[in-house]
Amino acid sequence: MQSEILVITPPFTQLNTPYPATAYIKGFLNTKGISSTQADLGIEVILALFSKNGLSDLFGQAEQSSEINFSHNIQRIIALKEEYLKTIDAVIAFLQGKNPTLALQICQEDFLPEASRFAQLEELDWAFGAMGTQDKAKHLATLYLEDISDFIVECIDPNFGFSRYAERLGRSANSFDELYEALNQEPTYIDHILIDILKDRIEKVQPKLFLISVPFPGNLYAAFRCAQFVKQNYSEIKISMGGGFPNTELRSLSDRRVFEFFDYITLDDGELPIELLYNAIIKGGEFNLYKRTFLLENGEVTYRNDALKNDYKQADVGTPDYSDLLLDSYISVIEIVNPMHRMWSDGRWNKLTMAHGCYWGKCTFCDISLDYIKVYEPVAAKQIVDRIEELVAKTGQNGFHFVDEAAPPALMREVALEILRRKISVTWWTNIRFEKSFTRDLCLLLKASGCIAVSGGLEVASDRLLKLIDKGVTVEQVAKVTRNFTEAGIMVHAYLMYGYPTQTVQETVDSLEMVRQLFEAGVLQSGFWHQFAMTAHSPVGLYPEKFGVVKETEEIGTFANNDINYTDKTGIDHNKFSYGLKKSLFNFMHGICFDYKLQDWFDFKIPRTTIPSNFIDRAINIEENFMVKPTAKVIWLGGKPTVEVFTKSKKGNTWEMLNLHFHSKRETFSIQTNKTEGEWLVSLLDKISATNRSILTFQDIKADFETNMEHFELFWYSKPIHTLREFGLLIL
């Protein structure tokens, strides 16, 4: 198991699937013949804590602190100690998918010990009426784990959280002081578990280079604890930090104390910076070149970016490699009934990227000045599907989450066609922009290839603000696109925003009305409100005067710099809208309370909405333009028909006809044509089958038809073709 490089994700990210950064790095290192081992220490710490031995130790720790005045909830959990110890291993195995029959017992509701988290069950119980036993059991088991989490937070470690640890220390940490002070305290109980696991891994792997990926603020403290332990005990190992947090937060780092823990901190795409670090460490030498790397030189923090070599193209970075990770040990949970959050936390997803960066790259709230957004580079569809097949073979999982900033519609189309050509079965979802390219037919194609859900930023459902954001969409356009996805059977989640600079109270109210109508029309199934946050690398953060806001300070911190405190010149307190927006959305997602007045969601006076009550309904029912572009691709998703010849007579004239019988997965349907057109159509459907490599355009088809027959338009807009359009004849 010895390797030259050990790359880890520190606690905590997701319970159900590994964060993909280490798998991406390992996949790249494979292409260079560099041996590496990866580990997700988050899931390993969780499994150590949430086990019979782990819980037994936790209860022992709490009992030693008997002088603490525990809440009634914690007293109840301690009183039920034996029930928790008896059930914990079985529940974890169930959530890992290894013990499905336990669902029957869990759902009887006399198996699990219940503390305060179960108090919310009655109001949620109806939501599981349509769900199966497994889902309800997962939700009950999740509440059970959250009760134990409450116990850990109150009795053992107030910084604990399932998907984050000591997040407060990583958020807006302009100064390193508070984090440095915490790191100079005695390690916590959970720190000790983490360090024991890390010690074992270090001694088995014996790396020369230790890479720590820090995606979020909730991973930062644990990352420093890991680095601290290795520095103190294995001083010969070089340590580097990379990932989403340093990429956005540490770009102006100047505090030397950080380098008591790390030798290097790299920014943006990690492949080339890591390769250069590896070369420097393995080959040595007095002078080395670096790419986007902070290090300490002559006692000063130095940013080195002197390597002239360009970053690797996406075609050359390799396929993510999930080996070494405990793929069968991740835990699927159902925390809340939001359908998209449920997908996020339930089931294991292989993570892939269709394109590096964002093809739009204009949204004014987004970090568009940074390379991870700014540098757009798509991967070829064939290579994406090669990677899909390779990952299915290696992991045994055919679920994929494409983690793009916004997946490009044209590339999504090509990937879908490639999946259909190879006749492979996959389930996938991704993030998109709600742009007009997502026609009814493209959505049907995506569905046929295995797409089950999309998430996209509606942000503020106000055309003025969408223009200010430079979103490139209108509310009417979003409504049509969400309708197209929904009618294709693809779930739609919308990211919603409130408190954008210059947003008025009226616009917030009108935005809520738009959202209400979208849910009432059934074209949105899931959503989440976020309050606007101003970041240093977005156009709003870079040019606040253009957006009517004033930074509270121009001072740049010596540690993290991203979130910016600001004053909105409107003087509106957007915080007060949070509860009403989220409560109304929760109800809309469950298909209720559409008849409530918007005022009913708020305990302060709001103006009436100015949005017509039928705005969304009118938008989604506007007749589409049926004109077909000559260059449009024509695809047939169905199979070959069975052909029945019969004769038809009228006024003494007899001619041959064809009955074409088609069998879709769910039903059988038939169309009638004359013999000549029918034989041509059967031949055409074979040529335009989605499994074919060659693709015909509308003008190709028209030209082919007109070699032997006349009146193509009459035929194309006839009832038989109209019927085929309903069953999988697509114009793309």
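Ion pairing between a basic and an acidic side chain is recognised when a charged N comes within 4.0 Å of a carboxylate O; R387 and E390 show no such pairing. Salt-bridge annotation for D441 and R725: present, with a side-chain N of the basic residue lying under 4.0 Å from a carboxylate O of the acidic one. In summary, D404 and R433 do not engage in a salt bridge, as defined by a charged side-chain N under 4.0 Å from a carboxylate O. Electrostatic pairing of R413 and E418 does not count as a salt bridge here, judged by no charged N lying under 4.0 Å from a carboxylate O.
A distance of 4.5 Å separates CZ of F438 from CE of M412, quoted to the nearest 0.5 Å. Atom-to-atom distance recorded for T395:OG1 and Y322:OH is 8.5 Å, nearest 0.5 angstrom.
Looking at L732, I731, L696 one by one, the single match for side-chain contact (heavy atoms from CB on, under 4.5 Å) with V634 turns out to be I731. The side-chain contact (heavy atoms from CB on, under 4.5 Å) test with E405 singles out one residue from Y376, W360, Y372, and that residue is Y372.
Checking side-chain atoms of E513 against main-chain N and O of I611 turns up no donor-acceptor pair under 3.5 Å. A donor-acceptor contact shorter than 3.5 Å links the side chain of N16 to the backbone of G347. The main-chain N or O of T697 is found under 3.5 Å from a side-chain atom of D700 such that the two form a donor-acceptor pair. Counting only distance, with no hydrogens or angles, the side chain of T17 and the backbone of W349 share a donor-acceptor pair below 3.5 Å. The closest donor-acceptor contact from the side chain of K597 to the backbone of R608 lies at 3.5 Å or more, if one exists at all. Here the side chain of S449 pairs no donor or acceptor atom with the backbone of A416 at under 3.5 angstrom.
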Go through it in stages, so that I can follow the logic: the residues are N587 and S584, the test is side-chain hydrogen bond (donor to acceptor under 3.5 Å, both in side chains), and I'd like the CA-CA distance, side-chain angles, deciding distance and then a yes or no. CA-CA 5 Å; N587 286 280; S584 59; over 6 Å; no

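Aromatic ring pairs are classed by plane angle as parallel below 30°, tilted from 30° to 60° and perpendicular above 60°; the pair H574 and F577 is tilted.
Across all their heavy atoms, K471 and E459 have their closest contact at NZ-OE2, 3.0 Å.
Side chains of S578 and Q531: a donor-acceptor N/O pair is absent below 3.5 angstrom, by distance only. One side chain, E435 or S437, offers a donor N or O that lies under 3.5 Å from an acceptor on the other. A side-chain donor from one of Y24 and T353 sits under 3.5 Å from a side-chain acceptor of the other.
In this structure, F698 has its ring center under 6.0 Å from that of W716. Centroid-to-centroid, the aromatic rings of F12 and F162 stay 6.0 Å apart or farther.
The shortest distance between side-chain heavy atoms of R348 and S332 does not fall below 4.5 Å.
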